[in-house]
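Working notes for the structure below.
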2 protein chains.
Amino acid sequence: MSELEGVVLGILQGKQPCTAYGIRMALQDSPSSFWSASAGAIYPLLNRLEKAGLVDASVDAGDARGRRLLTLTAAGRARHRQWMLSAGSVEVASAVSDPVRSRAFFLGAMDAADRRTFVDDSLQALESFLESARQDLVIRTDSEDSWAYLAALGGVHQAEARVKWMREIRDHLYDDSVPPVDR
Amino acid sequence: MSELEGVVLGILQGKQPCTAYGIRMALQDSPSSFWSASAGAIYPLLNRLEKAGLVDASVDAGDARGRRLLTLTAAGRARHRQWMLSAGSVEVASAVSDPVRSRAFFLGAMDAADRRTFVDDSLQALESFLESARQDLVIRTDSEDSWAYLAALGGVHQAEARVKWMREIRDHLYDDSVPPVDR
DNA sequence: TGTGACATGTAATATGTTACATGATTGA
DNA sequence: TCAATCATGTAACATATTACATGTCACA
């Protein structure tokens, strides 16, 4: 069961009845750009879920576009619950990915000028991302869903931790005691 | 250019000359389980890179296994540099993924008992992950590569932020009108 | 001498990406 | 009426996963 599948089931549970397009838009509104939320991923996925009996679809008769309103079945809810509870496994908890940190591991192979570019530019990008995470939090502030707010708050905390960390690296960079790496 | 490709080029740059197997093992040693580091991903990838002229391979004549020692070409180094500098783009900085947080957005759809299970179990998983991130940091402490140390430190900071955040959620959970479990 | 790590690779499968293609609906 | 948004979908392609398959090397 893929991450995207779990997320899509979750969005559907919160918005049903809604269209595949609506799910796509909800995914796109997230500050994270981890999924492209492309039509080529969403429509085939939803059709798979429907075929597997996790999702019900009814064509909206009053809409000539063939608008399909989707809802979760009982099996779909059970599957979503199963996905949720997998958060307790260490494998899921450790399947994080941070593309900036992945790159930072190899800073030692760059020359001093590139290192500066890297740190300055990625710090700016991280600050910009933090800003969008904060905006996302504001949107959820008056929502009745305090859990979604707390989840978004976690995103802000993590974004703050990333900015702080990159500032630490910058401080280290501007410290002259570090000799250049030999190549 | 995929994340895995960039990471593999980076590992190779730091360990060359080394085998594809060595790169796999280096990937596996990371506390993050984001990549499975399976043979089915690494060997085809390295062969693609070789074909593209980013990697050079020389068969070790003294080894009957057909051990191939890999090195980066100039084009490979340039490609790696390009990947590194892409950390400055907001798209890359925002392409983070946290499977526990993804799930936390949908806590509102769970019943109280499942919510408690979710929070208690994922807190334990996050603490366990934090521990492995700390161990990874210890390994890098006496390394001459201070940058890799700083990168791993970022991993620890983020893991700490995730634990702290889940504790906040737990506090919110037990503050609620829901009667507390026996403890 | 035997076991576990080293070493390379493929096959079937699943899933995601980009780009393309089409048309309806809504509101200024 | 016209443009932006809503809405569904496919095609070619790239890439990762799991499971399988084979054999060598180092060392106790």
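Side chains are part of it too, since the values below use all heavy atoms of this structure and drop only hydrogens, waters and symmetry mates.
- Comparing D:dT10, D:dT17, C:dA7 by their nearest atom to the side chain of A:P44 picks out D:dT10.
- In A:R81, the CZ atom is not crowded: 12 or fewer heavy atoms of neighbouring residues, nucleotides or ligands sit closer than 6.0 Å.
- Between A:L70 atom CG and D:dG9 atom C1' the separation is 14 Å, expressed in whole Å.
- When the side-chain nitrogen and oxygen atoms of B:R65 are compared with OP1 and OP2 of D:dG23, none of them lie within a distance under 4.0 Å.
- For B:Y21, whose side chain is taken as the heavy atoms from C-beta onward, the closest listed nucleotide among C:dT17, C:dC6, C:dA24 is C:dC6.
- Close to C:dT8, at under 4.0 Å from its OP1 or OP2, lies no side-chain N or O of B:R24.
- Looking at which nucleotide of DNA chain D each of A:A39 and B:S2 is closest to, the 5′-most match is held by A:A39.
- For A:R48, a side-chain nitrogen or oxygen approaches OP1 or OP2 of C:dG16 to under 4.0 Å.
- At least one side-chain nitrogen or oxygen of A:S36 sits closer than 4.0 Å to the OP1 or OP2 atom of C:dT18.
- Summarising the local packing, CD of B:Q124 is surrounded by 12 or fewer heavy atoms from other residues, nucleotides or ligands at distances under 6.0 Å.
- One interatomic measurement links the two molecules: CH2 of B:W35 to P of C:dG16, which rounds to 17 Å at whole-angstrom precision.
- As a whole-Å value, the separation of A:M1 CE from C:dT15 P is 11 Å.
- B:L123 and B:V156 end up in the same hydrophobic cluster when Ile, Leu, Val, Met, Phe, Trp and Tyr side chains are linked at under 4.5 Å.
- In this entry the distance linking CG of A:L46 with C1' of D:dT10 reads 16 Å, nearest Å.
- Hydrophobic cluster membership differs between B:I139 and B:I23, with clusters built from Ile, Leu, Val, Met, Phe, Trp and Tyr side chains linked at under 4.5 angstrom.
- Spacing between atom CD1 of B:I23 and atom P of C:dT8 amounts to 9 Å, rounded to whole angstrom units.
- Atom-to-atom, CG of A:N47 to C1' of C:dA14 comes out at 16 Å; the value is rounded to the nearest Å.
- At the heavy-atom level, A:A64 lies under 4.0 Å from the strands shown only through sugar-phosphate atoms.
- Using a cut-off of 4.0 Å between Lys/Arg side-chain N and Asp/Glu carboxylate O, B:R79 and B:E5 are scored as salt-bridged.
- Each of B:R67 and A:D63 was assigned the nucleotide of DNA chain C with the nearest heavy atom; the assignment lying further toward the 5' end belongs to B:R67.
- Counting non-hydrogen atoms under 4.0 angstrom, B:G66 reaches the backbone sugars and phosphates but no base.
- Rounded to an integer number of Å, the gap from B:I42 CD1 to D:dA14 P is 19 Å.
- In this entry the distance linking CG of B:L4 with C1' of C:dT15 reads 16 Å, nearest Å.
- Within the 4.0 Å cut-off from OP1 or OP2 of D:dT18, not a single side-chain nitrogen or oxygen of B:S38 is found.
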